[in-house]
Amino acid sequence: MPWPSRKRDKGAVADKKEPDAKIAKTEEETSDKEEEEKSAKPPAGSSKSGWKNWKKTKESESGGEESKITYCHWLLKSEPESRLEKGVDVKFSVDDLKAQPNQTTCWDGVRNYQARNFLRAMKIGQQAFFYHSNCKEPGIVAIVKIVKEAYPDHTQFDQKDPHYDSTSRKENPKWSMVDVQFVRMTKRFIPLSEIKAHHLAHKADGGPLKDMMLFTRQRLSIQPLTQEQFDFVLSLEEEKPH
DNA sequence: GCCAACGTTGGC
DNA sequence: GCCAACGTTGGC
């Protein structure tokens with residue numbers, strides 16, 4: 001089963017403006033216990049990588065509540081260059097996002113449990129970096145915001161869709177999506193190479209990007225950032241290209 | 001295009 | 001429940 005990271009180019013959002021917090025999440029929690037388990041922690045072998053450290057951070061920041069952490073910032077990967085997946089082009093660049101009605105799109109096609117759970121944790125108004133991946137110049141190009149919280153990803157039921165999941169039931173959909181809206185371009189392109197250089201430096205000196213999931217959870221397409229991580233990365237847009 | 005990283009699957 | 005084989009992600 002594919003679990004492509006990014007959304008793909010498809011039409012506008014199904015509904016209109018109204019930022020309905022109501023539709024959010026409903027039927028999950030009940031039956032996907034195992035999945036939540038599986039995905040809510042690092043894989044068995046991977047001792048103390050990203051998740052744990054990040055969780056630790058959040059806990060200490062927020063007064064340490066084990067299960068009630070609220071995440072506030074995100075990074076969303078999307079592929080700006082054409083690539084066929086089951087005959088369908090999954091390209092979706094920031095320009096494609098800006099071309100959508102309302103500059104808004106549903107973030108469909110996520111087929112990884114950990115990424116899905118992060119999608120489900122997103123709240124209206126939260127900001128995310130729009131990251132270009134699998135391309136010539138990987139890096140952050142824009143800021144987007146969540147305008148609709150998690151609801152069932154319709155592409156899981158569409159046999160023609162490259163992300164069709166025959167094991168998902170309508171009564172209990174496995175996969176979710178959110179709607180995101182373009183906010184603004186970053187003042188300059190922030191390349192992965194630059195973020196990584198800071199990450200490496202911070203591993204040595206304990207700086208904010210020390211545990212950034214872009215590097216500790218390499219393949220995760222939807223990832224949370226701490227306030228400190230978000231602020232630090234954003235501060236890079238003010239600097240001279242490195 | 002190569003290939004390291006890593007999530008998933010299935011045999012046992 | 002272990003773990004090798006496999007498939008995908010995504011930087012380079």
Side-chain angles (χ1 to χ4, degrees), chain A residues 1-9 31-55 74-94 96-97 107-121 128-142 153 155-156 161-169 173-177 189-203 209-225 233 236 241-242:
Chain A
M1 178 204 307
W3 61 274
S5 35
R6 60 220 86 54
K7 69 160 308 339
R8 63 200 175 76
D9 190 1
S31 69
D32 6 27
K33 284 281 213 294
E34 16 115 16
E35 295 162 7
E36 309 284 356
E37 291 301 318
K38 216 192 302 183
S39 48
K41 5 178 128 119
S46 70
S47 60
K48 46 104 174 277
S49 31
W51 172 273
K52 207 171 186 176
N53 292 333
W54 161 73
K55 202 169 166 191
W74 311 93
L75 181 145
L76 309 178
K77 295 182 184 176
S78 191
E79 297 191 33
E81 295 174 4
S82 284
R83 185 174 65 83
L84 294 187
E85 205 171 287
K86 299 187 177 163
V88 179
D89 194 350
V90 296
K91 159 181 150 52
F92 193 80
S93 68
V94 71
D96 294 320
L97 172 62
W107 208 265
D108 61 353
V110 171
R111 296 293 182 271
N112 168 279
Y113 287 118
Q114 192 175 12
R116 180 203 68 179
N117 291 345
F118 286 138
L119 280 176
R120 290 180 177 180
F129 289 127
F130 190 101
Y131 175 91
H132 278 173
S133 75
N134 203 13
C135 58
K136 281 292 164 40
E137 296 194 293
I140 291 167
V141 294
D153 177 347
T155 65
Q156 68 197 298
D161 193 280
H163 307 140
Y164 172 64
D165 181 357
S166 63
T167 70
S168 185
R169 310 268 139 243
K174 275 189 183 171
W175 307 110
S176 301
M177 62 186 183
F189 173 68
I190 304 174
L192 172 65
S193 58
E194 195 177 321
I195 304 170
K196 186 194 250 173
H198 286 292
H199 165 68
L200 291 173
H202 289 184
K203 277 209 298 186
L209 301 194
K210 175 167 58 87
D211 299 319
M212 192 176 185
M213 284 187 115
L214 199 48
F215 309 102
T216 63
R217 276 286 183 280
Q218 194 178 100
R219 294 173 47 182
L220 191 60
S221 66
I222 308 277
Q223 26 187 285
L225 282 80
V233 172
L236 296 177
H242 184 76

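By convention in this document, chain letters (A, B, ...) are assigned in the order of the sequence lines, proteins followed by strands, and residues within each chain are numbered from 1. Owing to the predicted nature of the structure, the values given are computational and were not obtained by experimental measurement. Only heavy atoms go into these numbers, but all of them, side chains included; no hydrogens, no water, no symmetry mates.
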What nucleotide among dA5(B), dG10(C), dG7(B) has an atom nearest to a side-chain atom of Asn112(A)? dG7(B)
List for me each residue that meets side chain to side chain donor-acceptor pair (under 3.5 Å) alongside Gln156(A), sequence neighbours excluded, and say none if there are none. Ser168(A)
Protein-nucleotide distance (Arg83(A), atom CZ; dT8(C), atom P), rounded to Å: 10 Å
At 4.0 Å (heavy atoms only), tell me whether Lys136(A) reaches a base, stays on the sugar-phosphate, or touches nothing. nothing
Count the heavy atoms of every other residue, nucleotide or ligand shown that sit under 6.0 Å from CD of Glu81(A), and state whether that count exceeds 12. yes
Across all chains, not counting sequence neighbours, the side chain to side chain contact (heavy atoms under 4.5 Å, CB included) partners of Ser82(A) are Asp89(A), Lys91(A)
Would Trp107(A) and Phe118(A) count as a ring-ring contact (aromatic ring centres under 6.0 Å, His included) if you check the C-alpha gap in whole Å, the side-chain angles of each, and the deciding distance to 0.1 Å? CA-CA 12 Å; Trp107(A) 208 265; Phe118(A) 286 138; over 10 Å; no
Considering only dT8(B), dA5(B), dG10(C), which nucleotide approaches the side chain of Ser133(A) most closely? dG10(C)
Minimum-distance nucleotide to Arg219(A) side chain [options: dT8(B), dC12(C), dT8(C)]: dT8(C)
What is the separation between atom CG on Asp165(A) and atom C1' on dT9(B), rounded to the nearest whole Å? 14 Å
Distance, rounded to the nearest Å, where Ile195(A) contributes CD1 and dG11(C) contributes C1': 13 Å
Would you say Lys77(A) places a side-chain N or O within less than 4.0 Å of OP1 or OP2 belonging to dG10(C)? yes
How close or far is atom C1' of dG11(C) from atom CD of Glu194(A), stated in whole angstroms? 17 Å
Less than 6.0 angstrom separating the ring centers of Trp74(A) and Phe130(A), yes or no? no
Rounded to whole angstroms, how far apart are CZ on Arg116(A) and C1' on dT8(B)? 15 Å
Without decimals, in angstroms, what is the distance between Gln114(A) CD and dC6(B) C1'? 12 Å
When rounded to whole Å, the CD to P distance for the pair Gln223(A) and dG10(C) reads 9 Å
Separation of atom CG in Leu214(A) from atom P in dT9(C), rounded to whole Å: 16 Å
It should be established whether Tyr131(A) places a side-chain nitrogen or oxygen under 4.0 Å from OP1 or OP2 of nucleotide dG11(C). yes
